[in-house]
Amino acid sequence: MPAISSRKPYRIGRSRTGLGLFATKPIKKGDEIIEYFGPILDSRNKKHDEIENKYLFELNGRWTIDGSVRRNIARYINHACRPNAESDVQPRNRKVFIRAIKKIEPGEEINYDYGREYFKEFLKPIGCKCDACEKKRKLARAEERAAKQAAKKRAETRAAKKAMNGHALNGHALNGKALNTKALKGKAIRVTAKAAAKRKAPAAASPKRSSKAGSGARL
């Protein structure tokens with residue numbers, strides 16, 4: 001790891017993605033933080049054009065900075081979708097400087113946007129790990145958990161209502177059966193009372209027949 005002067009407002013430290021560059025002193029908005037430097041590659045040179053690494057910083061269609069050299073401490077600066085710094089590209093001078101676009105506090109990681117092409121080629125396939133993207137993922141996971149819990153609660157509510165309706169229906173059936181039993185019992189009581197009354201009532205006197213054939217006088 002390259003040594004950094006104590007006068008510099010940054011240090012190399014552990015980041016979410018590995019190593020990163022962190023502020024050691026307050027950095028004001030607009031301040032130049034560090035230069036991104038390395039050998040200048042010419043795309044017209046076949047040997048230069050064949051060089052490939054993830055630290056290549058294109059200045060224009062012809063010139064590119066190969067920032068893979070050890071002394072280029074700026075290569076430790078990580079990408080962020082909502083950065084606190086930006087790259088100041090100067091194609092004529094063949095230089096690139098990293099400047100603060102907002103106030104950076106001590107201990108805060110320094111970052112800038114690598115650009116759409118780099119993002120699509122290197123970061124998107126593995127997932128961007130910057131703070132903004134991490135917050136989006138956490139929010140998405142929280143919303144997914146909340147949706148699952150809400151769905152579970154709705155299912156439990158529906159099950160409870162269904163169970164209550166089932167009990168109510170069973171209660172109505174039992175009440176109907178009880179009413180029918182009472183009706184039958186009442187009918188049986190009336191029939192029994194009628195039979196008892198019939199037994200207790202005195203038998204009606206039957207008319208007596210005369211032993212004589214008739215009471216008229218013979219001629």
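All heavy atoms count here, side chains included; hydrogens, waters and symmetry mates do not.
- Within 6.0 Å of NZ in Lys124 there are 12 or fewer heavy atoms belonging to other residues, nucleotides or ligands.
- Take Tyr36 and apply the ring-ring contact (aromatic ring centres under 6.0 Å, His included) test, not counting sequence neighbours, and it matches Phe57.
- A salt bridge between Arg16 and Asp131 is present, with a side-chain N of the basic residue lying under 4.0 Å from a carboxylate O of the acidic one.
- Identified under the salt bridge (Lys or Arg N to Asp or Glu O under 4.0 Å) test for residues 143-165, with sequence neighbours left out: Glu144-Lys148.
- No hydrogens or angles considered: nothing links the side chains of Ser43 and Asp49 as a donor-acceptor pair under 3.5 Å.
- Residues Arg82 and Cys130 fail the side-chain proximity criterion, which asks for heavy atoms closer than 4.5 Å.
- Checked by atom type and distance alone, the side chain of Asp88 never pairs as donor or acceptor with a backbone atom of Arg99 at under 3.5 Å.
- In this structure, the side chain of Asn111 engages the main chain of Asn84 through a donor-acceptor pair within 3.5 Å.
- A donor-acceptor pair under 3.5 Å is formed between the side chain of Thr24 and the backbone N or O of Tyr10.
- Applying the side chain to side chain contact (heavy atoms under 4.5 Å, CB included) rule to Asp31 yields the partners Ile27, Lys28; only residues at least two apart in sequence or on another chain are considered.
- With hydrogens and angles left out, the side-chain atoms of Glu109 and Ser15 include a donor and acceptor closer than 3.5 Å.
- In this structure the side chain of Pro2 never reaches within 4.5 angstrom of the side chain of Asn72, judged on heavy atoms.
- Look at Lys95 and Glu35 and you find a salt bridge, because one of the NZ, NE, NH1 or NH2 atoms lies within 4.0 Å of a carboxylate O, short of that distance.
- Annotation: side chain to side chain contact (heavy atoms under 4.5 Å, CB included) contacts of Asp42 (sequence neighbours excluded): Arg44, Asn45, His48, Arg62, Trp63.
- In terms of the ring-ring contact (aromatic ring centres under 6.0 Å, His included) criterion, residue partners of Tyr112 (sequence neighbours excluded) are, by chain and number, Tyr114.
- Legend: residues meeting ring-ring contact (aromatic ring centres under 6.0 Å, His included) with Phe122, ordered by chain and number and at least two apart, are Tyr118.
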